[in-house]
Trainee: 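Supplied in structure tokens, the structure appears directly below.
Bear in mind that the values here come from a model prediction, so they are computed numbers and not experimental data.
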Amino acid sequence: SGIVNVHGWALDNKAVSAVELVVDGTTVVPLTYGTDRPDVCRVWPGYPGCPAVGFSGTLDTTGLTACQHLIELRARDAEGNQKTLARRRISVVR
């Protein structure tokens with residue numbers, strides 16, 4: 001319960017334009033995209049945006065009901081295409 005920190009990285013051959021969390025398919029939480037991740041670009045060289053491919057943000061669970069919720073991490077590229085990067089069920093407790 002409370003505030004949950006979210007961070008990671010995302011690459012796309014057309015350049016990532018946004019990363020967001022989607023809660024239960026409806027609530028969208030924008031994340032900050034563009035932090036430096038040179039470690040990622042050393043392993044995956046040549047992608048647009050390198051090394052600024054990191055993202056971070058927070059999910060405030062205080063407004064969610066105390067039960068399971070589906071959380072999806074979604075990236076959008078410069079052409080408007082979107083891809084779900086991860087999908088997890090979380091349990092909110094009080």
Trainee: Output the distance between atom OG1 (Thr32) and atom NE2 (His7), rounded to the nearest 0.5 Å.
Mentor: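 Those atoms lie 13.0 Å apart.
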Trainee: Same cluster for Val6 and Val28 if Ile/Leu/Val/Met/Phe/Trp/Tyr side chains link at under 4.5 Å?
Mentor: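 Different hydrophobic clusters.
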Trainee: For Ser17 and Arg76, indicate whether the former's side chain and the latter's backbone hold a donor-acceptor pair under 3.5 Å.
Mentor: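 It does hold such a pair.
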Trainee: Does one hydrophobic cluster hold both Ile90 and Val22, with members joined at side-chain heavy-atom distances below 4.5 Å?
Mentor: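 No; Val22 is not reachable from Ile90 via cluster members.
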Trainee: If we ignore hydrogens and angles and just use 3.5 Å, is the side chain of Thr61 paired with the main-chain N or O of Gly2 as donor and acceptor?
Mentor: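 Yes, because the side chain of Thr61 sits within donor-acceptor range (under 3.5 Å) of the backbone of Gly2.
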Trainee: Give the minimum heavy-atom separation between Phe55 and Trp9, together with the two atoms involved.
Mentor: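 Closest heavy-atom pair between Phe55 and Trp9: CE2-N, 3.2 Å.
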Trainee: Measure from the side-chain N and O atoms of Asp12 to the backbone N and O of Lys14, and report whether any donor-acceptor pair falls under 3.5 Å.
Mentor: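 Here the side-chain-to-backbone pair exists.
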Trainee: Got a sec: does the CZ of Arg94 have more than 12 other heavy atoms crowding it under 6.0 Å?
Mentor: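 Counting neighbours around CZ of Arg94, more than 12 heavy atoms of other residues, nucleotides or ligands fall under 6.0 Å, so yes.
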Trainee: Quick check: does any side chain N or O of Tyr47 sit under 3.5 Å from a backbone N or O of Val53, one acting as donor and the other as acceptor?
Mentor: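 A pair under 3.5 Å: no.
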Trainee: Transitively linked via ILVMFWY side-chain contacts under 4.5 Å: Leu31 with Leu85?
Mentor: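 Yes, because Leu31 and Leu85 connect within a single hydrophobic cluster, where side-chain heavy atoms sit under 4.5 Å apart.
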Trainee: Does some side-chain heavy atom of Val16 sit less than 4.5 Å from a side-chain heavy atom of Asp77?
Mentor: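 Not in contact.
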Trainee: Could you go through Leu11 and Cys50, starting from their C-alpha distance and side-chain angles, then the distance that decides it, and tell me whether this counts as side chain to side chain contact (heavy atoms under 4.5 Å, CB included)?
Mentor: CA-CA 8 Å; Leu11 299 171; Cys50 273; 4.2 Å; yes
Trainee: Are Leu21 and Leu73 side-chain neighbours, meaning at least one heavy-atom pair lies under 4.5 Å?
Mentor: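 A side-chain contact under 4.5 Å exists here.
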Trainee: Rounded at 0.5 Å granularity, tell me how far CZ in Arg74 sits from CD in Gln82.
Mentor: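 One gets 4.5 Å once the value is rounded to the nearest 0.5 Å.
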Trainee: Which heavy atom of Ala10 sits nearest to which heavy atom of Val19, and what is that distance?
Mentor: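 In this case the closest contact between Ala10 and Val19 is CB-CG2, 4.3 Å.
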Trainee: In terms of hydrophobic clusters joined by side-chain contacts under 4.5 Å, are Val40 and Val43 together?
Mentor: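 Looking at the clustering, Val43 is in the same group as Val40.
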Trainee: Do you know which two heavy atoms are closest between Asn13 and Pro48, and how far apart they sit?
Mentor: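 Distance-wise, the nearest heavy atoms are O-CG, 3.5 Å.
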Trainee: Find the distance between CZ (Arg37) and CZ (Arg42) and round it off to the nearest 0.5 Å.
Mentor: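 One finds 10.0 Å between CZ of Arg37 and CZ of Arg42.
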Trainee: How many angstroms lie between atom CZ of Arg88 and atom CD1 of Ile71, to the nearest 0.5 angstrom?
Mentor: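 The CZ atom of Arg88 sits 11.5 Å away from the CD1 atom of Ile71.
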Trainee: Begin with the C-alpha distance, continue with both residues' side-chain angles, and end with the deciding distance and a verdict on side chain to side chain donor-acceptor pair (under 3.5 Å) for Thr62 and Asp60.
Mentor: CA-CA 6 Å; Thr62 58; Asp60 183 357; 2.6 Å; yes
